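Below: the structure, in structure tokens.
In what follows, every chain begins at residue 1, and chains take the letters A, B, ... in the order their sequences are listed. Predicted model only: the values in this text are computed from it and were never measured. Just so you know, these numbers use all the heavy atoms, side chains as well, and skip hydrogens, waters and symmetry mates.
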There are 2 protein chains.
Amino acid sequence: MKRWTIKDIAKKAGVSITTVSRVLNHKEEGMSQKTREKVLKVMEEVDFQPNQFARGLVTKRSKTFGLIVPNISNPYFPELCRGVEDEANESEYSLIICNSDDQTEKEKRYLRLLEEQQVDGIIFSAKDSLDPSDEEQLSRAKIPFVLIDRGKNEKKHSGVFLDNDKGGYLAGKHLIELGHRRIGCITGPKSIALSNDRLEGFQRALLESGVELPPSQIIEGNFQMEMAYHKSKDLLMKKEVTAIFACNDVMACGVYRMAHELGINIPTDLSIVGFDDIPLISALIPKLTTIRQDTYQMGREAVNLLIQKLENKDTTSVMFNPTLVVRESSTSPKL
Amino acid sequence: MKRWTIKDIAKKAGVSITTVSRVLNHKEEGMSQKTREKVLKVMEEVDFQPNQFARGLVTKRSKTFGLIVPNISNPYFPELCRGVEDEANESEYSLIICNSDDQTEKEKRYLRLLEEQQVDGIIFSAKDSLDPSDEEQLSRAKIPFVLIDRGKNEKKHSGVFLDNDKGGYLAGKHLIELGHRRIGCITGPKSIALSNDRLEGFQRALLESGVELPPSQIIEGNFQMEMAYHKSKDLLMKKEVTAIFACNDVMACGVYRMAHELGINIPTDLSIVGFDDIPLISALIPKLTTIRQDTYQMGREAVNLLIQKLENKDTTSVMFNPTLVVRESSTSPKL
DNA sequence: TTGTAGGCGTTATCAT
DNA sequence: ATGATAACGCCTACAA
């Protein structure tokens, strides 16, 4: 026998296909308990699985979500994906994952792909703010979507975000409280909003204590280790700063490496604070003080938000709070 | 207007739906160039997208693959996923990713989910060897599948694997050549075949040079950092070995940490060789010597294999070769 | 070269 | 409480 259909089930159970369909869809009314059980038994026996194509054809639902992230190999994202996947599966959705590599080109292609696959919704971690043409495509296709991590735009779209300004503030405050007065910062790309948010929060904390952050102590990185490694050299050699705030953990690793090469001891000679608290950093020696975000939970929350949208409920963005995790890489400066 | 159908296109272009269908499916014969162009133009104009449900209903194909991995948060897997995804997408397939957490329970559930979603094929990184009930489910559902990384079983199923024995051998050989004679090994779980393969290859290399590997110098780990960290303590404190082969990079990180705590310098006092060459380790100081595998390419290859299966071609497993990457963590032992 | 019509497996709308 | 039947949108013999 090939695949069983409700027709087959109906025949075998001696009922109509309508009845089988009712059982399948848990319609409670309009059926005797006996009939229901009879049908269920047959379905059980043959391990019946309804054809999703046929179903989708009429219901217009695929029970599938799409997730677009920049790059799963970026250690920030696996946790986020897990959160999204676990929550999606608990709500009986499958998840199609796409990596955009932060290329508008690919974002578009995948948006198109997901539209073709007729996903019921999309969770989107965009390049930065949502590209206008992406936006148009999304609205034309009328696919519900939520943003995550990036692309915050208060009024326009709902999503799940981190309070990056606060994160930066926590980092700055922590270093100030330790007694640091000459502090450097390695930022993410200026073109990315969350990167600027972190810097601004950081500066605000310093300013509150009257500490200056001269441009020469701000280095623009790209969230990658390599560039942070190279660009931190000047800053470290001039010995002008006693502490550095790296706007993500991966760049903090780059600083670790350069410090080690230059014979600068962490934290004795130099304190470092990272951002994200990705799993990777448990391998660092000494352990990295960082600003933690609950990426996994953010992923779960994004799915909840999306499901609410599907149910036409009013949705508002969810803002997560970062927390400071003090470990070994930050301490008071030497006198 | 709601979604366009081929019927709408047909009307607008003044042809029959058959003709539209033909254009859609790139049937070359049986149509004048003019007609084709006319239809294409209309499709272009309205940005037509065929309904995959309707299509699948008749073709029985979803243009979707499923990928089951233990855990995307394990740093070995993101690269593998990327390989699978990139190759799948280039062949016009979407990818549903599932994390089994190495639980047979979840493997089953996801297998079921993928079956329900009617994926065209599955790429499976099983717990170890393929569970008999999984096997049964797979064959009952008649879903083509290939294994990847784990579950090698020469005769039974094809897949993409690494020559782990060779990898272990390379590690052993390298340390021997550096002059080490007292060497420790931290293995993966004994229950996992590839873990034993690595150990066996390693032992073979030592044996060739008449070097013993007493049981006291073999520690069974679980591929995680924590356990490797704790369990390596004894070995390191007794100062019995001048080198350690950790059967994956993550465990090597654990050893780094313990060595640091005990004031043991790497590589002066202790050489370390890892396995995998995961991206994470670029953060380690000193840089880790390791056995590299081309995980990304293995992912791509798995998709190729699967596609060949779909085309009913004869398929045989693909075996990848690991390579030794010498960095800073291994050197000759002190006299 | 082009068109007609039946069927794919469900759900949903009416009947009974 | 249960059943017959028309969609849903596409593909594919078979006709013309």
*Would you mind telling me which of D/dG3, C/dT10, D/dC10 lies closest to the side-chain atoms of B/Phe48?*
D/dC10
_Shortest side-chain distance from B/Ala54, nucleotide among C/dT11, D/dT2, D/dC10_ = D/dC10
_Whether A/Lys12 engages the ring of A/Phe48 as a cation-pi pair (distance to the six-membered ring centre under 6.0 angstrom, angle to the ring normal within 45°) should be assessed._
no
*Expressed in angstrom and rounded to an integer, what is the separation of A/Lys27 atom NZ from D/dT2 atom C1'?*
15 Å
_Expressed as a whole number of angstroms, how long is the span from B/Asp8:CG to D/dG9:C1'?_
10 Å
*asked:* So, under a plain 3.5 Å distance rule, would you say the side chain of B/Thr18 forms a donor-acceptor pair with the base of C/dT4?
replied: yes
*Roughly how many Å is it from NZ in B/Lys7 to P in C/dG3, rounded to a whole number?*
15 Å
*Integer-rounded Å distance: C/dT10 C1' and B/Phe53 CZ*: 12 Å
*Check the distance between C/dT10's P and A/Lys63's NZ and give it to me in whole angstrom.*
17 Å
*asked:* Just to be sure I understand the rule, does B/Thr19 reach a base, reach only the sugar-phosphate, or reach nothing, if contact means heavy atoms closer than 4.0 Å?
replied: sugar-phosphate
*Verify whether one side chain among B/Thr35 and B/Ser32 offers a donor that lies under 3.5 Å from an acceptor in the other.*
yes
*Can you tell me the distance, in whole Å, between the CZ atom of A/Arg22 and the P atom of D/dA1?*
10 Å
*Establish, for the pair B/Lys60 and A/Phe53, whether the NZ or CZ atom is under 6.0 angstrom from the six-membered ring centre and no further than 45 degrees off its axis.*
no
_Selection from D/dG3, C/dG7, C/dA12 that lies nearest to any side-chain heavy atom of A/Ser16_ = D/dG3
*asked:* In this structure, how many angstroms lie between the C1' atom of D/dC11 and the NE2 atom of B/His26, rounded?
replied: 15 Å
_Heavy-atom closest contact (A/Ile143 atom, A/Ile122 atom, distance)_ = CG2-CG1, 4.0 Å
*Under 3.5 Å donor-acceptor pair, A/Ser21 side-chain atoms to C/dA12 base atoms*: no
*Rounded to the nearest angstrom, tell me the gap between atom CG in A/Leu57 and atom C1' in D/dA7.*
9 Å
*Could A/Glu105 and A/Arg109 be called an ion pair, given the rule that one side-chain N must be under 4.0 Å from one carboxylate O?*
no
